[in-house]
Protein chains: 2
Amino acid sequence: MFRIGEFSTFTRVSVKMLRHYDEIGLLKAGFVDPATSYRYYTADQLPRLNQIIALKDLGISLEQIGELLRTELAPTELRGMLKLRKLELEGHIQREQQRLALLEARLSMLEQPVEGQGYAVVQRSLAPLLVASVRQHVPEVGQPITNLFEELESLVSTHQARAASSPLTLFHNPGYREEELEVEVAVPLKTVIPASARIAVYELPAVPQAACVVYTGSYAHSTTALNALLRWVEANRCHVAGPLREVYLRFGADDPDSLRLPPAFLTNDSEQFVTELQLPVQPHT
Amino acid sequence: MFRIGEFSTFTRVSVKMLRHYDEIGLLKAGFVDPATSYRYYTADQLPRLNQIIALKDLGISLEQIGELLRTELAPTELRGMLKLRKLELEGHIQREQQRLALLEARLSMLEQPVEGQGYAVVQRSLAPLLVASVRQHVPEVGQPITNLFEELESLVSTHQARAASSPLTLFHNPGYREEELEVEVAVPLKTVIPASARIAVYELPAVPQAACVVYTGSYAHSTTALNALLRWVEANRCHVAGPLREVYLRFGADDPDSLRLPPAFLTNDSEQFVTELQLPVQPHT
DNA sequence: GTACACCTTCCGATTATGGGAGAGTCAAGG
DNA sequence: CCTTGACTCTCCCATAATCGGAAGGTGTAC
């Protein structure tokens, strides 16, 4: 039987935390003196505590750990989780690196004078466009969207209905933009093809007036371009009248004629990409 | 001028957060209607917000970001921070992997029956030992300790005072073990050498009774060994009477005779290491 | 002119963790 | 046997960044 302080020094878990684990039932003290309420721990409890801190280091919340330990998890299960977590961690690292790239773009933005960032914003109208599209909530722009494009393109190609213009993404104002991002990825069609539950086939409405800007380079630069767009909108005293569209004019540098490659977001070697942002606007108020 | 919701959708910062940033003065709304308290944002504020989220993604707290932006940071400075952060991130990744290794050890512990974990705990006495030592708070076991050993060994070798026994670490109960770990790393001496402010030279007291266990392999296994030790202490109804000692009997597999290599913690290829844990105990109560 | 989307403030919750107050307990030494 | 000092108890509060919700006011489009 060890007192809480001793147990704390050997397990390197703070007294506060041991008490906390006791409270939430994650690791109850082995014995509690009914007279003094002193907690006493036994060596038998060490394995469980070790499990707990191992799982905690895996990034699992205490609540989930409690559930896991309640089910007396088989070692193989743990192994599996370990592997899974390892993968997850690697993916995490990758995403971190992407973030760094994006961030680099954001920072480089600051190095130039804020005003003339060299983005030529033009106002024009957008023609209606027959498309096949998937609309979906995604946690963030990137891989998921590329996957959606792959799905769409493969479907459309089986019907040989692909029109020779660029694929695009529409960013729908998702409620008040808490939580997730609602995107609609769309590829142009020359003929109507059967829709499905997931995939809609319809005509994107014409837009009488849109502020448009073309940017080159990876997705990381889109922030800057959007910035220019909004600045234009403000300067011209219009207001936004529809979801932002992002049109992938050129992507896949080696194969500029192929429209069938989905855009590769956030890759490093994407400096040759050409993208247009289109923002529907209405003049005046 | 954009209303908060619109600004939110385009910057992908939630309305709640925009209001929060306004409150704490990180990004004040460009204009607040005095009658309605409506917040209005301008395109001019986009760069600043982009800075904020860039820095936030760097892992910097909002408070610090505020300070940074107040000083109108030079771009080169930002570059530097970026590089720094990148390094930091890589280090972080490395540590994560170490943690995974340690964790693997913890988990594998579970795969064996909890009882006989094959650790032979013996009780014996420890002789007094003249040492040079550094006592210091460290955030975690690992690199810092290795460095301390290097420092000690190099000092001792200039005096040619090294005794031919193993270096060790003492883990002092650091208060109640909140915050940091207080370790004392020590190398044995055959003669007294001058002490300094950092480095103490004295005789470690003899310990009449200590529970000892030898384990092989990397530091990751020490948890298990300590576990066995505490179990023994409990079973033999003694209690702990001093700081835990960790004696590095063999380390640096290629050069078993060299006592001058500091132990390499948490490395992968350390399966040949031999370490003894010694825990001073007192019988009975 | 009414509905509906949007905005406001205020209050509370989250998760893992620690600080501190005020009071009780244990063990060792006088 | 009593004091002392280290230890423990419970309770309350705080953090940082973020969200949820309630109650009430605003703007605008049909």
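Every chain is numbered from 1, with letters handed out A, B, ... down the list of sequences.
- Nucleotide C:dA16 holds its C1' atom 11 Å from the CD1 atom of A:I65, rounded to whole Å.
- Distance A:H20 NE2 to D:dT8 C1': 19 Å, rounded to the nearest Å.
- Remark: P of C:dT17 and CD of A:E23 are 14 Å apart, rounded to the nearest angstrom.
- For the pair A:F7 CZ and D:dC9 P, the computed distance is 13 Å after rounding to whole Å.
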Might you work through the side chain to side chain contact (heavy atoms under 4.5 Å, CB included) test for B:L229 and B:Q278, ending with a clear yes or no? CA-CA 9 Å; B:L229 218 44; B:Q278 302 172 335; over 6 Å; no
Are any protein N/O atoms closer than 3.5 Å to N/O atoms in nucleotides 24-26 of chain C? If there are, list each pair with its distance.
from	atom 1	to	atom 2	distance (Å)
C:dG24	N2	A:Y38	OH	2.8
C:dT25	O4'	A:Y38	OH	3.2

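- When the options A:R135, A:Q136, A:H172 are evaluated for a side chain to side chain donor-acceptor pair (under 3.5 Å) with A:E182, the one that passes is A:R135.
- Contact annotation: A:Y21 does not reach the phosphate of C:dT15 (side-chain N/O to OP1 or OP2, under 4.0 Å).
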Sub-3.5 Å pairs of nitrogen or oxygen atoms, protein against nucleotides 11-16 of chain D:
none

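- Counted by atom type alone, B:E184 and B:S133 present one or more donor-acceptor pairs between their side chains at under 3.5 Å.
- One atom, CG of A:L18, and another, C1' of D:dC9, lie 14 Å apart when rounded to the nearest Å.
- As a whole-Å value, the separation of A:H239 NE2 from D:dT28 C1' is 10 Å.
- Scanning for salt bridge (Lys or Arg N to Asp or Glu O under 4.0 Å) contacts around B:R19 gives an empty result, with sequence neighbours left out.
- When rounded to the nearest whole Å, the span between CD1 of A:I52 and C1' of C:dT17 equals 16 Å.
- Side-chain contact of A:Q123 with A:Q209: a donor-acceptor pair under 3.5 Å is present, judged by distance alone.
- Taking atom CG on B:L55 and atom C1' on D:dA17, their separation rounds to 16 Å, with Å as the unit.
- Here the shortest heavy-atom pairing between A:C238 and A:V281 reads CB-CB, 4.1 Å.
- Partners of A:F7 by ring-ring contact (aromatic ring centres under 6.0 Å, His included), not counting sequence neighbours, listed by chain and number: A:Y41.
- Counting only residues at least two apart or on different chains, the salt bridge (charged side-chain N to carboxylate O under 4.0 Å, His left out) pairs with a member in residues 21-40 of chain B are B:D22-B:R39.
- With sequence neighbours excluded, no residue forms a salt bridge (Lys or Arg N to Asp or Glu O under 4.0 Å) with A:R3.
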